[in-house]
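Indexing begins at 1, ligand by ligand and atom by atom, following the structure's order.
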Amino acid sequence: MKNIMVTGGAGFIGSNFIKYVLANFDYNIINFDKLTYAGNLENLSEIESDKRYRFVKGDICEKKEVEKTVEEYSIDAIVNFAAESHVDRSILGAKEFINTNVMGTHVLLEVLKEKGLEKYLQVSTDEVYGSLPEDKKEILFTEKTPITTNSPYSASKASADLLCNAFYHTFRLPILITRCSNNYGPYQFPEKLIPLMIAKALNGEKLPVYGDGKNVRDWLYVQDHCSAIIKVLQEGTHGEVYNIGGNNEWYNIDIVKLILDKLGKGEDMIQYVKDRPGHDRRYAIDSAKIMNELGWSPEYNFESGIEITVKWYIENMNWWKKVMSGEYLKYYERNYGEKVNQ
Ligand code: NAD
Ligand code: TYD
């Protein structure tokens, strides 16, 4: 395995992954990205002149574009990050989620089959397991937890996972699936909880907390997700699913208060707004399999990860101010307008 095609490499996790791999391994990386609202080549400016890196603008739904890139760069493996990734946007409209997350994955699997590539890794999510009971902290998502999807986003990701499973069983293709919990870190698009709250606080605007703020998420620093993905790509068993998580459950409201505290701002900036429809109550991952079988463990604890993250958003205001304009403002009004006015 020498030439890795990273689809969706201009997004949050994909760009962190490319930088992590180039810093620690000797692979050639071909970043294949459509550059949707979430794709930003500025995320990769530090490594754009690295000889082992190439960018190709392309859509995973377009088979010819994918085939051409696979041939031109003699691709050995695909790591698929390309997706529509935000639950709230999937509630406003599911079509692009079905297109990219399901149909796009299907195209990649067909190309994998036809070209006989060495490996394919599908970057999936713990959200395919649905929601856990809040009062039974001992229950965590394992790889055997049944798929139960509650949002159009999670349904589209689960559909892709099922296709991967089917292509593994039917055609014996070298397919791996990872399912990670919520990520945070530099370059996350400020529509997701942590960067949105940091940006709002820095802008002196209200911080919109859905419902009672008591939904629970299990947060992992993005670089730890990247190290887990490369571990699974190199050492994982084909046809297997690997959960990835930080053993780090937080109520949303406590995260928001922590961010305000770090920025020296008061809790009067919090605004409770109407809840997200179908809002999953609790996610929590059991990472025993990847830890025991592959020897992976996270390097960052939440204290260090959140410190780096808040500092990064303070020091990179231009990055997030630029992406929080234009189309973003229209999305923000559509998603929050009605919630805030309740
Ligand atoms: P993101 O929204 O920041 O980035 C997605 C990237 O995919 C963008 O660069 C975008 O331009 C690209 N893309 C979208 N449609 C495409 C298409 N049709 N063809 C080619 N490129 C396309 O997402 P992210 O947060 O970096 O998530 C990456 C992956 O990880 C997703 O598959 C997501 O489901 C999964 N995941 C995310 C999290 C999280 O907390 N963010 C947790 C677990 C799993
Ligand atoms: P998000 O970052 O969108 O990730 P996901 O829904 O995929 O877990 O949201 C994380 C949690 O934060 C989720 O419970 C919804 C909540 N949330 C808010 O309370 N307010 C917001 O403005 C956003 C974007 C999220």
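- Annotation: atom 5 (C) of ligand 1 to nearest protein heavy atom, A83 O, 3.5 Å.
- Here is the list of ligand 1 atoms found below 4.0 Å of a heavy atom in Y153: 33 (C), 34 (O).
- If you check which protein heavy atom lies closest to atom 4 (O) of ligand 2, you get N182 ND2, 3.3 Å.
- Judged by distance alone, with hydrogens and angles left aside, the side-chain atoms of D76 form a donor-acceptor pair with the main-chain N or O of N3 at under 3.5 Å.
- Listed by number with element, the atoms of ligand 1 under 4.0 angstrom from any heavy atom of S181 are 42 (C), 43 (C).
- Side-chain atoms of Q188 never come within 3.5 Å of backbone atoms of P195 as a donor-acceptor pair (strictly under, hydrogens ignored).
- Residue Y210 holds the heavy atom nearest to atom 18 (C) of ligand 2 of all those in Y283, Y336, Y210, W219.
- With a heavy-atom cut-off of 4.0 Å, H86 touches ligand 2 through its side chain alone.
- Follow the hydrophobic side-chain contacts under 4.5 Å out from Y300 and you reach Y187 in the same cluster.
- Hydrophobic side-chain contacts under 4.5 Å tie I91 into a cluster, directly or through other members, with V87, F97, Y153.
- Under the salt bridge (charged side-chain N to carboxylate O under 4.0 Å, His left out) criterion, R172 pairs with no residue, sequence neighbours left out.
- In terms of N/O distances under 3.5 Å, ligand 1 is approached by I13.
- Between A82 and ligand 1, no N or O atom pair is found at a separation short of 3.5 Å.
- P208 O, 2.8 Å is the protein heavy atom nearest to atom 20 (N) of ligand 2.
- Considering backbone and side-chain atoms together, N182 places no N or O closer than 3.5 Å to any N or O of ligand 1.
- For atom 8 (O) of ligand 2, the closest heavy atom belonging to the protein is R217 NE, 2.7 Å.
- Ligand 1 places these atoms under 4.0 Å from at least one heavy atom of K157: 31 (C), 32 (O), 33 (C), 34 (O).
- Between E96 and R89 there is no salt bridge, since none of the side-chain N atoms of the basic residue sits less than 4.0 Å from a carboxylate O of the acidic one.
- Atoms of ligand 1 found under 4.0 Å from any heavy atom of L35 (numbered from 1 in listed order, with element): 11 (O).
- Ligand 1 places these atoms under 4.0 Å from at least one heavy atom of F81: 28 (C), 29 (C), 31 (C), 32 (O).
- Between E191 and ligand 2, no N or O atom pair is found at a separation short of 3.5 Å.
- At least one N/O-N/O distance between S85 and ligand 1 falls below 3.5 Å.
- Close N/O approach between H279 and ligand 2 is found [any backbone or side-chain N/O within under 3.5 Å].
- If you number the atoms of ligand 1 from 1 as listed, the ones under 4.0 Å from a heavy atom of D59 come out as 17 (C), 18 (N), 19 (N).
- Looking at K192 next to ligand 2, no N or O pair under 3.5 Å apart turns up.
- Any N or O atom pair closer than 3.5 Å counts here, and N183 shares at least one such pair with ligand 1.
- Contact annotation for R179 and ligand 1: no heavy atom of the residue comes within less than 4.0 Å of the ligand.
- At a 4.0 Å cut-off, not a single heavy atom of S15 sits close enough to ligand 1 to count as contact.
- On a distance-only criterion, T125 and ligand 1 share no N/O pair closer than 3.5 Å.
- Within the listing of ligand 1, atoms 9 (O) sit less than 4.0 angstrom from a heavy atom of A10.
- Not one N or O of Y37 is nearer than 3.5 Å to an N or O of ligand 1, by distance alone.
- Among the atoms of G11, some N or O lies under 3.5 angstrom from an N or O of ligand 1.
- Between F12 and ligand 1, a contact under 3.5 Å exists for at least one N or O pair.
- Inclusion of N80 in the set of residues having an N or O under 3.5 Å from an N or O of ligand 1 is not warranted.
- For ligand 2, the polar-atom distance check finds no N/O of N215 at less than 3.5 Å from any of the ligand's N/O atoms.
- With atom 10 (C) of ligand 2 as the reference point, the heavy atom nearest to it among I253, L196, L193 is part of L193.
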